[in-house]
Amino acid sequence: DICFFPTLDPRFSSPSQGVDFTMPGILVIDTGGTFSMWPRQEAAEYVAPVGAPDYTFPDGNDPDELVVAPSSVIETHLRLMLIRSKKFKLVKYDEAFTLHDIVYYPLEGDARIDSAGAKPSSWAAIADVIEETYAFYNGFVIIHGTDTLAYTSAALAFQLRGASKPIIVTGAQIPLLDPHTDATNNFLGALEFATWRGRNLDHDADIVDNAGADAAAAERSGILQEYADGRQLAGSFVFFGNKLMLGTTVVKIDSQRWNAFDSPRVPLVGEIKDGNATVNELIGTATYDWRDLGFRPLRRYTVPDMTNSAGDGWPLLIHLYPGIDLALFNLASVSAIVIVAHGCGNGPKEMAEPLRTFLNSGGVVAVITECLAGATGRHYAACVAGFDPRIAICANTTMPSAFAKVTVLMNDPDKPPKQVTEDGNHSPRHKWFCSNMGMPLAGEILYDSLAQYYDKLKDSGPTLFQQAKEIHDFISKLDPDFAKNFLPPPDSFTVPLIAGDFLGAALKFIGMNGSGAIPEQLGQVLYHVRALGR
């Protein structure tokens, strides 16, 4: 059995003792995919070494067909690759002393798969490993198949909101064992960003990143987490084809070329240029302010129940096409629908009545655009979101991200119960769903303008104002003098005031009292309006 929990090692303090520490090293989680495959003919000739896990020969007859290779074979090739890199080293869990020590962990048994067969339970399995080993590693690299990689990277972002370490998903179009592979470049690039260090927050510090990234841009970045030795990326990302992209904004754009993924609606987070990992200079500008993933009053690390114990079922994804008839779908069997609509979210008017019936039954509906770029809205009479005010607009959320987000939300044990309503009446679940789908939880939404963001905040006004008042009351009880001198009174609240003076005062209070000063459930409003506060 592989053990990667060094709780008995005297070098490390136990998390249960309340000691804040981070173990050096990066944990590599191998989930399978093309990266970890080889031809069936080689599989037939494979003889497992003594002590290696059993290898189940896959069914089939085509000798050139790719199948997942034994983890021992992949581990051997990764070890040789890292030796040649002269920077990283593959070690056992109890040998990880430096940032560049890499620990390899393949998912057990049949969990290493072609990602075309991935399920939401596959996302949870990866998140479980990260959660269980989170205290012992500085970052995580996920080897994954390309078919559903964008879904997994988004799901990890939503499941592990508040993660202050890099979680970088990568893969390959050509297997690692092929001499023409792109796996080497993608894997080493993912490690570069997993170990990337920006400048320390101390302006006079001489600490700079280890790969020449722009220190000033890094210092402004909202997706960097402060550490004593500098700042590192925080949250879920995808590295592929020399590009580092936010995990919730990625789509697969090519089934063959090495440049398989892109982030068409949001600029790149970073790139490999001339062999160096560089952070995009745009980070820290107004375009990126809302993605302040490094600011975490929540310090939250949760994995929602993905076993469908609540009985709500997985979301139904419906991609519109000319002549579509919703009667073809068994809507009564699901509790959530994600509609991939035309243009700005348009669809045939014949959809209105069956969607209204579904909403009245307690179901929830979200609409996104099928376009590579752009966003949904209510610009036309044909906009699906205009058919009923209970339909959630997801702005420019991508299809993989929207599906993953709805899946995680619908498995949240704290969601409001399903409730039958009449036409146009919002149940608590409808309000909760529309509020969450219309706001960025993990960087999945980019608003083109401040005015557009103000409008979205106004749409969920009661929730925003209620949360702000709760935070005001909480701070007032802890420090009445601070509240009196710095916090605007609740009766003066407006959206701009909450986003400006109130947010600034709340952040000041957190700075004076630590990130735990605001309870988790009250920190979400600060995250929502972080951009406006700047």
Side-chain angles (χ1 to χ4, degrees), residues 24-38 69 71 73-92 95-106 137-146 149 152-153 165-198 208-213 218 230 232-233 235-247 250 257-263 268-280:
I26 303 298
L27 181 66
V28 173
I29 304 173
D30 183 1
T31 70
T34 299
F35 185 110
S36 299
M37 289 184 174
W38 62 354
S71 59
V73 174
I74 300 303
E75 182 176 11
T76 298
H77 280 73
L78 290 179
R79 187 181 305 277
L80 294 174
M81 177 208 303
L82 297 180
I83 290 175
R84 290 193 296 268
S85 76
K86 299 181 180 180
K87 182 172 184 178
F88 302 102
K89 180 174 63 173
L90 196 65
V91 301
K92 296 181 179 179
E95 297 173 344
F97 289 97
T98 73
L99 181 63
H100 297 96
D101 287 341
I102 311 303
V103 177
Y104 173 74
Y105 176 73
Y137 296 94
N138 264 326
F140 303 85
V141 170
I142 317 298
I143 296 173
H144 198 283
T146 61
L149 183 149
T152 297
S153 65
K165 301 178 183 182
I167 302 169
I168 302 180
V169 187
T170 192
Q173 294 283 63
I174 301 175
L176 172 65
L177 278 60
D178 190 298
H180 304 292
T181 185
D182 59 329
T184 301
N185 184 71
N186 289 340
F187 185 70
L188 291 177
L191 291 180
E192 287 286 352
F193 279 110
T195 58
W196 183 91
R197 288 295 180 271
V208 295
D209 66 277
N210 59 18
Q232 69 176 12
L233 294 162
S236 174
F237 302 88
V238 169
F239 181 83
F240 212 99
N242 290 329
K243 298 183 294 187
L244 183 71
M245 299 155 279
L246 197 61
V250 172
R257 290 185 301 175
W258 286 11
N259 190 28
F261 291 89
D262 199 5
S263 178
L268 301 179
V269 174
E271 296 178 89
I272 297 290
K273 292 182 178 180
D274 300 323
N276 294 325
T278 61
V279 173
N280 194 315

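Here the side chains of M245 and F261 are in contact, with some heavy-atom distance below 4.5 Å. Taking the side chain as every heavy atom from C-beta outward, Y105 and L27 approach each other to under 4.5 Å. A heavy-atom distance below 4.5 Å is found between the side chains of K87 and E192. Residues V73 and L177 form a side-chain contact, since some pair of their non-hydrogen atoms from C-beta on lies under 4.5 Å apart. Inter-residue side-chain proximity for V91 and I102 is flagged as unmet; no heavy-atom pair is nearer than 4.5 Å. Residues F35 and T146 form no side-chain contact, since every pair of their non-hydrogen atoms from C-beta on lies 4.5 Å or further apart. Side-chain atoms of W38 and L176, non-hydrogen and from C-beta on, never get closer than 4.5 Å to each other. Here the side chains of L188 and F88 are in contact, with some heavy-atom distance below 4.5 Å.
Residues forming a side-chain hydrogen bond (donor to acceptor under 3.5 Å, both in side chains) with D30 (at least two apart in sequence, or on another chain): S36, Y104, R112. By the salt bridge (Lys or Arg N to Asp or Glu O under 4.0 Å) test, K243 is found to be paired with D262, residues two or more places apart in sequence or in another chain being considered. With sequence neighbours left out, the salt bridge (Lys or Arg N to Asp or Glu O under 4.0 Å) criterion links K273 to E271. Partners of T98 by side chain to side chain contact (heavy atoms under 4.5 Å, CB included), not counting sequence neighbours, listed by chain and number: H100, D101. Judged as a side-chain hydrogen bond (donor to acceptor under 3.5 Å, both in side chains), and not counting sequence neighbours, D178 has no contacts. Here S263 pairs with T249 under the side-chain hydrogen bond (donor to acceptor under 3.5 Å, both in side chains) rule; sequence neighbours left out. Partners of T170 by side-chain hydrogen bond (donor to acceptor under 3.5 Å, both in side chains), not counting sequence neighbours: none found. Judged as a salt bridge (Lys or Arg N to Asp or Glu O under 4.0 Å), and not counting sequence neighbours, R84 has no contacts.
Considering every non-hydrogen atom in both A260 and F240, the closest pair reads CB-CE2, 3.8 Å. What you find for T34 and A172 is that their closest heavy atoms are CB-O, 3.4 Å. Of all non-hydrogen atoms in L82 and K89, the two that sit nearest each other are CD1-C, 4.2 Å.
Exactly one residue among L191, I168, V103 makes a side-chain contact (heavy atoms from CB on, under 4.5 Å) with I26. That residue is L191. Applying side-chain contact (heavy atoms from CB on, under 4.5 Å) to I143 and the options L78, N186, I29 leaves one that passes, L78.
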Requested in this report: Go through the steps to decide whether V28 and F187 satisfy the test side-chain contact (heavy atoms from CB on, under 4.5 Å), and finish with yes or no.
Outcome: CA-CA 10 Å; V28 173; F187 185 70; 3.8 Å; yes
Requested in this report: Using the side-chain contact (heavy atoms from CB on, under 4.5 Å) rule, take V169 and V250 through it: C-alpha gap first, then chi angles, then the decisive distance, then the call.
Outcome: CA-CA 11 Å; V169 187; V250 172; over 6 Å; no
Query - Criterion side-chain contact (heavy atoms from CB on, under 4.5 Å) on I142 and T31, from CA distance to verdict - result: CA-CA 7 Å; I142 317 298; T31 70; 3.9 Å; yes
Query - Stepwise side-chain contact (heavy atoms from CB on, under 4.5 Å) check, I167 with F237 - result: CA-CA 6 Å; I167 302 169; F237 302 88; over 6 Å; no
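A distance of 13.5 Å separates CG of L90 from NE2 of H77, quoted to the nearest 0.5 Å.
Within the 3.5 Å criterion, the main-chain N or O of Y137 finds a donor-acceptor partner in the side chain of K165. Between the side chain of T181 and the main chain of P175, a donor-acceptor pair closer than 3.5 Å is present. Judged purely by atom type and a 3.5 angstrom limit, S71 has no side-chain atom pairing as donor or acceptor with the backbone of P106.
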